[in-house]
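Notes follow once the structure below has been shown.
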Number of protein chains: 2
Amino acid sequence: MTRSSRKTARPVAFAADGHDHMSCIAEALQRAVALCESRGTQLTELRRRVLELVWSSHEPIGAYRILEQLDRPLPGQMRGKARRAAPPTVYRALDFLIEQGLVHRIESLNAFVGCDQPQATHAGQFMICGHCGVALELNDAGIANALASCATRLGFKVERPTIEVRGICPNCVRSGATQPAHAEHRHG
Amino acid sequence: MTRSSRKTARPVAFAADGHDHMSCIAEALQRAVALCESRGTQLTELRRRVLELVWSSHEPIGAYRILEQLDRPLPGQMRGKARRAAPPTVYRALDFLIEQGLVHRIESLNAFVGCDQPQATHAGQFMICGHCGVALELNDAGIANALASCATRLGFKVERPTIEVRGICPNCVRSGATQPAHAEHRHG
DNA sequence: CTGCGGTATGAAATAGTATAACATCTCGGA
DNA sequence: TCCGAGATGTTATACTATTTCATACCGCAG
Ligand SMILES: [Zn+2]
Ligand SMILES: [Zn+2]
Ligand SMILES: [Zn+2]
Ligand SMILES: [Zn+2]
């Protein structure tokens, strides 16, 4: 029970005392396998590997970072001068994973992050820390309702909401972080 | 009185019967001049021209589209083989305009759109039609409150909310539009 | 077995978006 | 005049994403 061992009620990604990320990854992969199984879609080795890399942390990762990691031979394998994978390889895998709801794209970062509730189709809301880079996905009914009511009032038919809130996470707030400190983009 | 001549209460960008966009542009430029004047910032000819291009329609425009337009000699001017402007030129102008609150960046489109309430600093919410491409900026208190309350609950300090809702605008809904029809990105 | 269609991946080229770094220009004040 | 700040010009490059065609694999009809 990874969850019940936590000391706080805070979401895992923002946990004050860190968390066992290995099991985070393992559980995500397990869910993915089960989901694709149940849908009859093919979670191939390549796609599984990309998903694993996306889940390597709770910070959204760029497609080209994934590409770099894909190139590195897995520990224990000596496959010398393995040819560098090409961009379409990773973009195609990401397309598949997004379609399956296993990964979300963070528009404001041109990056990708794993979804921990892939079962139901949803458009999550993201709280992204500009200091440590961690992105937390929520499904807040209040926000969703406010949006829906606003759209209804206008006669606007919502298809895909994009909600990405940049700020400072609880942990970084407590440690007095105000400056960027996280590489990221300029334009933000 | 452009506004009072409208037949509906709908926002100009989504007006059912179209609108006098020339005055849209003129008013935006006027506001910009006044604002920069009052702040002592320099709305140079280049920046004014870029702002005008951003306002050329209510569809967000990409930096490189602006660049193309900048190259075209103004009607009446025969400046032959004018050198093509370089990307930094337009990005710098956009940076200035964004800083002044005169333009917003639409993250999900890598594009830019004029702001019609540049006075107060704000982070607008955008309703973007996937069919006609028009983006409407709102400042809905309900959404803002829902977001704020959610962030408070988490202990997350909001710095820059990004809310961009893709969908179909009232006009396009009425005309039965469901397909994309608008070029735009793939990844959406 | 063999060929066929559908899906996944490999590979090369190119398109699209954005910034870094340094040079030049202009204008107003010391 | 000289200086310094801010704006723009210029070149190169980084970063992100898609198009296009080729190849590999697999289950199945003939
Ligand atoms: Zn999700
Ligand atoms: Zn943080
Ligand atoms: Zn605005
Ligand atoms: Zn529309």
Side-chain angles (χ1 to χ4, degrees), chain A residues 32 36 39-51 53-54 60-71 79 81-100 102-113 180 182-188, chain B residues 32 36 39-51 53-54 60-71 79 81-100 102-113 180 182-188:
Chain A
C36 290
R39 288 175 180 163
T41 56
Q42 310 181 42
L43 184 62
T44 62
E45 172 56 18
L46 175 65
R47 290 165 174 174
R48 200 198 58 77
R49 190 123 170 265
V50 168
L51 180 59
L53 289 169
V54 168
I61 185 176
Y64 280 72
R65 291 309 80 62
I66 295 172
L67 205 47
E68 288 166 8
Q69 301 296 125
L70 268 184
D71 289 338
R79 39 167 200 162
K81 51 201 163 196
R83 218 17 133 169
R84 188 181 197 79
T89 297
V90 61
Y91 280 104
R92 283 192 288 227
L94 286 169
D95 285 346
F96 170 85
L97 295 169
I98 289 170
E99 207 167 298
Q100 297 297 315
L102 295 164
V103 163
H104 292 292
R105 176 183 169 87
I106 306 295
E107 301 287 354
S108 57
L109 296 176
N110 295 332
F112 305 85
V113 73
H182 200 70
E184 303 301 349
H185 289 223
R186 311 301 159 269
H187 72 242
Chain B
C36 291
R39 287 175 181 164
T41 55
Q42 309 182 42
L43 185 62
T44 62
E45 171 57 18
L46 175 65
R47 289 165 175 174
R48 201 199 58 77
R49 190 122 169 266
V50 168
L51 179 59
L53 289 169
V54 168
I61 184 176
Y64 280 71
R65 292 307 81 64
I66 294 173
L67 206 46
E68 288 166 8
Q69 302 296 126
L70 268 184
D71 289 338
R79 38 168 199 159
K81 52 202 162 194
R83 196 79 107 122
R84 189 182 197 79
T89 298
V90 61
Y91 279 105
R92 283 191 289 228
L94 287 169
D95 284 347
F96 170 84
L97 295 169
I98 289 170
E99 207 168 298
Q100 297 298 313
L102 295 163
V103 163
H104 292 292
R105 176 183 168 85
I106 305 296
E107 301 287 353
S108 58
L109 296 175
N110 295 332
F112 304 85
V113 73
H182 199 71
E184 303 300 349
H185 289 223
R186 309 303 159 268
H187 71 243

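Just so it is clear, the model here is predicted, and its values are computed rather than measured. Just so we're on the same page: letters track the sequence lines, and every chain starts at 1.
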[N] [atom2] sits how many Å from [X] [atom1], rounded?
X: A/Arg48; N: C/dA8; atom1: CZ; atom2: C1'; result: 17 Å
X: B/Ile106; N: C/dA18; atom1: CD1; atom2: P; result: 12 Å
X: B/Leu109; N: C/dA18; atom1: CG; atom2: C1'; result: 16 Å
X: A/Ile61; N: D/dC15; atom1: CD1; atom2: P; result: 14 Å
X: B/Leu67; N: D/dT11; atom1: CG; atom2: P; result: 14 Å
X: A/Ile66; N: D/dC15; atom1: CD1; atom2: P; result: 16 Å
X: B/Arg65; N: C/dA18; atom1: CZ; atom2: P; result: 11 Å
X: A/Leu94; N: C/dT9; atom1: CG; atom2: P; result: 12 Å

Q) Mind checking what makes salt bridge (charged side-chain N to carboxylate O under 4.0 Å, His left out) contact with A/Arg47, not counting sequence neighbours? A)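 Scan of A/Arg47 (salt bridge (charged side-chain N to carboxylate O under 4.0 Å, His left out), adjacent residues dropped) gives none.
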
Q.
Under the rule for salt bridge (charged side-chain N to carboxylate O under 4.0 Å, His left out), what residues qualify as partners of A/Arg92, not counting sequence neighbours?
A. none

Q. By side chain to side chain contact (heavy atoms under 4.5 Å, CB included), which residues pair with A/Leu97, not counting sequence neighbours?
A.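 By the side chain to side chain contact (heavy atoms under 4.5 Å, CB included) rule, A/Leu97 matches A/Leu43, A/Val50, A/Leu51, A/Leu102, A/Val103.
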
Q. So which heavy atom on A/Val54 is nearest to which on A/Val113, and how close?
A.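 Looking at all heavy atoms of both residues, the shortest contact is CG1-C, 3.5 Å.
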
From [atom1] ([X]) to [atom2] ([Y]), nearest 0.5 Å:
X: A/Leu67; Y: A/Ile61; atom1: CG; atom2: CD1; result: 10.5 Å
X: B/Thr41; Y: B/Phe96; atom1: OG1; atom2: CZ; result: 4.0 Å
X: B/Ser108; Y: A/Ile106; atom1: OG; atom2: CD1; result: 12.0 Å

Q) Using the C1' atoms of the five pairs at each end, what is the angle between the end axes of the helix from C/dC1-D/dG30 to C/dA30-D/dT1, to 10°? A)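 Its terminal axes enclose an angle near 10°.
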
Q. Counting side-chain heavy atoms from C-beta on, which of C/dT17, D/dT10, D/dT18 comes nearest to A/Pro88?
A.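 So the side chain of A/Pro88 is nearest to D/dT18.
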
Q) For B/Asp95 and A/Pro87, take the nucleotide of DNA chain C holding the closest heavy atom to each; which residue's nucleotide lies nearer the 5' end? A)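 Going by which nucleotide is closer to the 5' end, it is A/Pro87.
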
Q. Does a side-chain N or O from B/Tyr91 land closer than 4.0 Å to OP1 or OP2 of C/dA18, or not?
A.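 Yes, within the criterion.
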
(Q) Please confirm whether the shortest side-chain N or O distance from A/Asn110 to OP1 or OP2 of D/dA17 is below 4.0 Å. (A) yes

Polar-atom pairs under 3.5 Å, protein N or O versus N or O of nucleotides 3-8 of chain D: list them with distances, or write none.
| unit_1 | atom_1 | unit_2 | atom_2 | d |
| --- | --- | --- | --- | --- |
| D/dG6 | O3' | B/Gln42 | NE2 | 3.4 |
| D/dA7 | OP1 | B/Arg47 | NH1 | 3.3 |
| D/dA7 | O5' | B/Arg47 | NH2 | 3.3 |
| D/dT8 | OP1 | B/Thr44 | OG1 | 2.5 |
| D/dT8 | OP2 | B/Arg47 | NE | 3.4 |

Q: For the pair B/Arg49 (side chain) and B/Leu70 (backbone), establish whether a donor and an acceptor sit closer than 3.5 Å, ignoring hydrogens and angles.
A: yes

Q) Would you call B/Tyr64 stacked on C/dT17, i.e. ring centres under 5.5 Å apart with the planes less than 30° off parallel? A) yes

Q) Does B/Thr44 have any side chain to side chain donor-acceptor pair (under 3.5 Å) partners at least two apart in sequence or in another chain, and if so, which? A) none

